[in-house]
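These notes concern the structure reproduced below.
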Amino acid sequence: MGAPGGETLKILVATDNHLGYLDTDPIRRDDSFEAFEEIFQEAKKQNVDCVLLGGDLFHENKPSRYTLVRTIEILRKHCLSDSPIGLQVLSDQSQNFSSAFSTVNYEDANFNIGLPVFSIHGNHDDPTGADNLAALDVLSACNLVNYFGKTPMIGGNSGANKVRITPILLKKGDTKVALYGLGNIRDERLGRLFQTKSVEWVRPEATEEHDVSDWFNIFVLHQNRVARGSVYAKNCIPEKYLAKFLDFVIWGHEHESLPEPVKSGAHDFEITQPGSSVATSLAEGEAKQKHILLLEIAVIAQATQWRVQTIPLKTVRPFVFDQVALRDLPITDPDNPQEVETLLEAKVEELIQQAKLQDATSSDRLPLIRLKVDYTGFSTINSQRFGQRFVDKVANPNDVLAWSKSTAAKRKAGAAEDDQGELNTGTLRPEALDHARVESLISQHLAQKLEVLPETELNNALDDFVSKDENKAIGNLVREKLRQLQDTLSREPAVGDVSDLNKHIDEKIRTQRARDEVLATASTGPTNFPAATPTQTGGPASTERMAPVVEDFPAATPTSKPSEEPPSASQGRASTATGAAPKSQGAANSQGRLDRFLRGSAGAAAEREPPAAPSARARGSAGAPEPSPAKAAPSKAKAAKPAAGARARGGGKARGKKRALSSEEEEEEVDDVEDSEDSDVVVCSSEEEDEESEAVDPTPRSQRGVKRRQPSQLNVSQVRCRETTYRLETQWRT
């Protein structure tokens, strides 16, 4: 089965575990943990080298204590042992892991890790708060999970953010794997980054020991794969955006299990969608068999070959989904609810018997039953009272029935809700509120009334408030937008009477709103991830040289047109200085109203922000010369150079660390790629470091089967190289 010499690298893949789902439900509280336990039992049975999780390990952004304790118990039970580990990490681990220790967990001499776990975050357990921490950071600090994919954002809070995806380079014998990971980023934002070519893929440079084509490139991500209706066409990531050199893509976030790899329609790689390990909604896609994957990679006959084995999960609670139309049932009186209840009860009993036959464990677990009823032309019955008949027979007695109408009837009645989630709440039924999208409600009821707050940012803040328990999300957004508007108005010259003042304020609001809508998809979302520092704690394994690669993505049509920038403060002062006529009494009154408006929240702003430098008017009244924006920019650049040099000198002591590129150098690299006639030519840069590395204690652990090596020396100047698109010659399949 395996490659010669036992050099087959085995990875067990699972996504969307949603630990802690319904942890307060007395019947279903342990469903997610039982499936998670089975995943690790299968990992030991298959003798895998590591477990790869594709996001949404936790269902809640702030999991309960019960959930954390159960998760840690399972990880300790299966991950801590004296089993030997044959994996070597050849990449710069300080660039891969964001924890304070910056090393893979099994290289810590204080822990006996027998089964490494690598995981990215999803949209349910993504980093939040001022410290930008996730629940996975807790497991990483406990040294139970190797948390990666917390990609650093380059460019600060401006709209020109960039994402750099750095791989974990794994080696077992002659088998080499470059594991790329990207934790969840809001789909609108990530899509904008791809469209503007602001995503950099870092690839290992060719060396005497390793060629670029020797690496098998795996990418795991957690994003929407398909659009959820026409309203949400932007809320997904097309396959064409991904890098062309990838070999295998593991797509998380989609709960429907489609484990068999399929060829991408845009590039040469193949995609698998393992799906969730627990049903978190009573949708038809969740009723399918749940799977995990066993990915095997080996070098056979000097060629990298791979195969995938799908493994069905047996401990998942049985779930049966079916649909029925009342018009197809033998109902004599449409207005007789008793006749409808009798026929639906018989149908549910039939589904219960079907679920018992599907239960692989032959246990007494109550099944999940969902019957979608088309009641066009009929009256409905009370779903809660109907479900009480199955309290001891099903696990979800309160929501056994789901009512719907045919598409033609929806259009005629005003369109309550369709299967894709698009809403018209004029005739929305109470049952449909469970599936209502907040974006739809805001888009249809508030989009035309919002003047200061951008719709996209309000959606994100409301989502953080509800699903991630960020109590200050909406308040922070309102205060920030109000501060931006006040800053814009404070730089404007005096206007005429009250009507002119109101028109002026309305115009600035429209300009600021249009600008925010353009930048919203690129600048909203969680707090920016801290950039990886060049220094490293601990002694890593052999470090491979990395080179940033800017992929040449297909051009995309922009969704909106950028608005004109509001006039700067210097322009406003210049226009005021050229006017010879003095201000009228009406202008003075309106200027006073403007000043009072700006002073309205000065006290609140002073509590939030440190004392600022004197304003332009204060400096002008004091007689101090005011520097122009053109002169101020070079001074900032000069002030930033010593700090950047200090960081570079501090990072030069650790050999094998890649210098953090400045924003000017990154722009030059992007320009070089875009201006090149050959799209395959990319820029591969590395900094030459001549200082001797500090001595690293190898701490031999022969009983673990891990051999540590000194970091390799970097001595490569800036060069150009041609990208090698790696294709598999043979698919090693069963």
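Count residues from 1 along the sequence.
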Should the pair H78 and F40 be assigned to parallel (<30°), tilted (30 to 60°) or perpendicular (>60°) ring geometry? parallel
Which atom names give the shortest non-hydrogen contact between V145 and S119, and what distance separates them? CG1-CB, 3.9 Å
If only atom types and distance count, is the side chain of D247 paired as donor or acceptor with the main-chain N or O of N217 below 3.5 Å? yes
Worked verdict on V177 versus I297 for side chain to side chain contact (heavy atoms under 4.5 Å, CB included): CA-CA 8 Å; V177 170; I297 310 165; 3.7 Å; yes
Write down the atom of L368, the atom of A279, and the distance for their closest heavy-atom approach. CD1-CB, 4.4 Å
Should V199 and Y241 count as side-chain neighbours, where that means a heavy-atom distance under 4.5 Å? no
Check: G183 main-chain N/O paired with H222 side-chain donor or acceptor under 3.5 Å: no
Applying side chain to side chain contact (heavy atoms under 4.5 Å, CB included), run through E239 and W251 and close with a yes or a no. CA-CA 10 Å; E239 299 172 5; W251 210 298; 4.2 Å; yes
Any side-chain heavy-atom pair from P274 and I250 closer than 4.5 angstrom? yes
Between K150 (side chain) and N132 (backbone), is there a donor-acceptor pair under 3.5 Å? yes
When you check the gap from the basic side-chain N to the acidic O, do D23 and R70 get nearer than 4.0 Å? no
Between F148, F219, F245, F216, which is the residue that forms a ring-ring contact (aromatic ring centres under 6.0 Å, His included) with Y180? F245
The side chain to side chain donor-acceptor pair (under 3.5 Å) partner of Q273 among E254, R225, E260, H255 is R225
Find the distance between CG (N146) and CG (L136) and round it off to the nearest 0.5 Å. 11.0 Å
Separation between CD (E188) and CD1 (I237), nearest 0.5 Å, reads 9.0 Å
Any residue meeting salt bridge (charged side-chain N to carboxylate O under 4.0 Å, His left out) with E284, in chain and number order, not counting sequence neighbours: none
For D49 and T8 the tightest heavy-atom approach is OD2-O, 3.5 Å
Does a salt bridge link E37 with K77, judged by any charged N lying under 4.0 Å from a carboxylate O? yes
Between T310 and L293, does the side chain to side chain contact (heavy atoms under 4.5 Å, CB included) criterion hold? Intermediate values first, please. CA-CA 5 Å; T310 61; L293 298 180; 3.7 Å; yes
Are the charged groups of E256 and K288 less than 4.0 angstrom apart, N to O? yes
Parallel, tilted or perpendicular: rings of H18 and H59 (30°, 60°): tilted
For I165, does its backbone N or O pair with a side-chain atom of W201 as donor and acceptor, under 3.5 Å? no
Determine the minimum heavy-atom distance between V278 and E286, stating which atoms define it. O-OE1, 3.9 Å
Is the F269 ring parallel, tilted or perpendicular to the H267 ring (thresholds 30°, 60°)? tilted
Is any side-chain heavy atom of E345 closer than 4.5 Å to one of F390? yes
Start with the C-alpha gap between E34 and T315, add the side-chain angles, then the distance that decides, and say whether side chain to side chain donor-acceptor pair (under 3.5 Å) holds. CA-CA 6 Å; E34 291 176 357; T315 58; 5.6 Å; no
For E339 and P330, the nearest pair of non-hydrogen atoms, with its separation, is OE2-O, 3.5 Å
Atom CG in L19, atom OH in Y66: separation rounded to 0.5 Å? 11.0 Å
Side chains of L52 and L295, heavy atoms from C-beta outward: is any pair under 4.5 Å? no
Going from CZ on R186 to CG on L193, what distance comes out if it is rounded to the nearest 0.5 angstrom? 13.5 Å
S276 side-chain N/O to D16 backbone N/O, donor-acceptor pair under 3.5 Å: no
In sequence, state the C-alpha distance, the side-chain angles, and the governing distance for T71 and F58, and then conclude on side chain to side chain contact (heavy atoms under 4.5 Å, CB included). CA-CA 9 Å; T71 303; F58 295 102; 3.5 Å; yes
Could you tell me whether D392 atom CG has more than 12 heavy atoms of other residues or ligands within 6.0 Å of it? no
Is it the case that the side chain of D359 and the backbone of P318 share a donor-acceptor pair, with hydrogens and angles ignored and the cut-off at 3.5 Å? no
I'd like to know if the side chain of H121 reaches the main chain of N184, judged simply by a donor and an acceptor atom lying under 3.5 Å from each other, with no hydrogens or angles considered. yes
Keeping D374 on the side-chain end and T376 on the backbone end, is there a donor-acceptor pair under 3.5 Å? yes
State whether the side chain of Q46 and the backbone N or O of I11 hold a donor-acceptor pair below 3.5 Å, judged by distance alone. no
Answer yes or no: is there a side-chain heavy-atom contact under 4.5 Å between V348 and F386? yes
R28 versus N396: any side-chain heavy-atom pair under 4.5 Å? yes
Is there a side-chain contact between L139 and Y147, using heavy atoms and a 4.5 Å cut-off? no
Heavy-atom pair with the smallest gap, counting every atom of K10 and N47: CD-O, 3.9 Å
When rounded to the nearest 0.5 angstrom, what is the spacing between CG in N61 and CG in N123? 10.0 Å
L344 side chain near V373 side chain, heavy-atom distance below 4.5 Å: yes
Out of curiosity, R29 CZ to Y21 OH, how far, rounded to the nearest 0.5 Å? 15.0 Å
